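Throughout, numbering of the chain's residues begins at 1 and tracks the sequence. None of the values given here were measured: they were computed from a predicted structure.
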Amino acid sequence: MKTSLRLRLFAAAVLFAFACTSQAVDRAPALSIEAALKIAQDYLKEKPAPPAIVALTLESATLRGQKVWFARWSSPIFGGPKPEIGLQIDMSGEMTKVVSGGGEPGKGQRRYGARDMR
């Protein structure tokens, strides 16, 4: 009898989780794609020889379903310690630079994927 109750509670929890995630997927983003594109374009106007925006995608930032817009550049923007490859824009319009793992390795470190071929 206890197993039956546990099984029912587990099934109810699974159904509740699916219902919550499906509701999060169905909602339109708080920041429209047009507004996200304008933010990314305005950001690039400040850069010398700005690259083009090749992708603007809506992505999940967290497991709780929070969404962000990700603008990807056609080529990296150099000028900092690591090359900037895009911009992450949250639903309030706040921007975060997205950088690649490139750059020069530190002392005693190798580039990712470097192998000794001996």
Side-chain angles (χ1 to χ4, degrees):
M1 178 143 171
K2 286 188 176 189
T3 352
S4 176
L5 180 61
R6 287 182 184 168
L7 186 60
R8 287 181 187 172
L9 287 174
F10 177 73
V14 169
L15 288 174
F16 180 74
F18 280 126
C20 290
T21 55
S22 68
Q23 287 176 356
V25 170
D26 292 339
R27 281 187 251 138
L31 185 71
S32 70
I33 190 168
E34 292 85 6
L37 181 60
K38 177 147 179 38
I39 290 170
Q41 288 172 333
D42 291 344
Y43 175 79
L44 285 177
K45 283 181 186 176
E46 302 170 2
K47 303 291 180 187
I53 299 170
V54 294
L56 184 60
T57 56
L58 183 63
E59 299 182 357
S60 261
T62 64
L63 293 175
R64 301 175 99 190
Q66 294 175 344
K67 302 289 185 183
V68 294
W69 289 104
F70 178 61
R72 188 164 186 69
W73 313 146
S74 59
S75 60
I77 298 174
F78 297 97
K82 294 185 177 186
E84 182 182 329
I85 59 169
L87 192 66
Q88 183 175 327
I89 307 163
D90 69 8
M91 293 300 134
S92 67
E94 189 173 322
M95 302 178 294
T96 305
K97 294 178 187 177
V98 179
V99 297
S100 72
E104 292 301 315
K107 184 176 180 180
Q109 296 178 342
R110 290 193 241 174
R111 289 190 181 278
Y112 176 75
R115 304 268 194 263
D116 287 335
M117 300 301 285
R118 295 182 194 179

* Answer yes if Tyr43 and Trp69 sit in the same cluster of Ile, Leu, Val, Met, Phe, Trp and Tyr residues linked by side chain heavy atoms under 4.5 Å apart, and no otherwise. => yes
Residues which pass side chain to side chain contact (heavy atoms under 4.5 Å, CB included) with [X], listed by chain and number, not counting sequence neighbours:
X: Ser75; answer: Pro51
X: Leu37; answer: Gln41, Ile53, Leu56
X: Ile39; answer: Leu31, Ile89, Met95

Output the rest of the hydrophobic cluster of [X]: all Ile, Leu, Val, Met, Phe, Trp and Tyr residues reachable through side-chain heavy-atom contacts under 4.5 Å, sorted by chain and number.
X: Val98; result: Phe70, Ile85
X: Val54; result: none
X: Phe78; result: none

How would you list, by chain and number, every residue that makes a side chain to side chain donor-acceptor pair (under 3.5 Å) with [X], sequence neighbours excluded?
X: Glu46; value: none
X: Lys38; value: Asp42
X: Ser60; value: Lys67
X: Thr96; value: none

* Compare every heavy atom of Met91 with every heavy atom of Pro29, then report the nearest pair and how far apart it is. => CB-SD, 3.8 Å
* Mind listing the closest non-hydrogen atom pair of Lys82 and Ser100 along with its distance? => CD-O, 3.4 Å
* From CA spacing to verdict: side-chain contact (heavy atoms from CB on, under 4.5 Å), Val68, Glu94 -> CA-CA 10 Å; Val68 294; Glu94 189 173 322; over 6 Å; no
* Asked: Is Leu44 close to Ile77 at the side-chain level, that is, under 4.5 Å between some pair of heavy atoms?
  -> yes
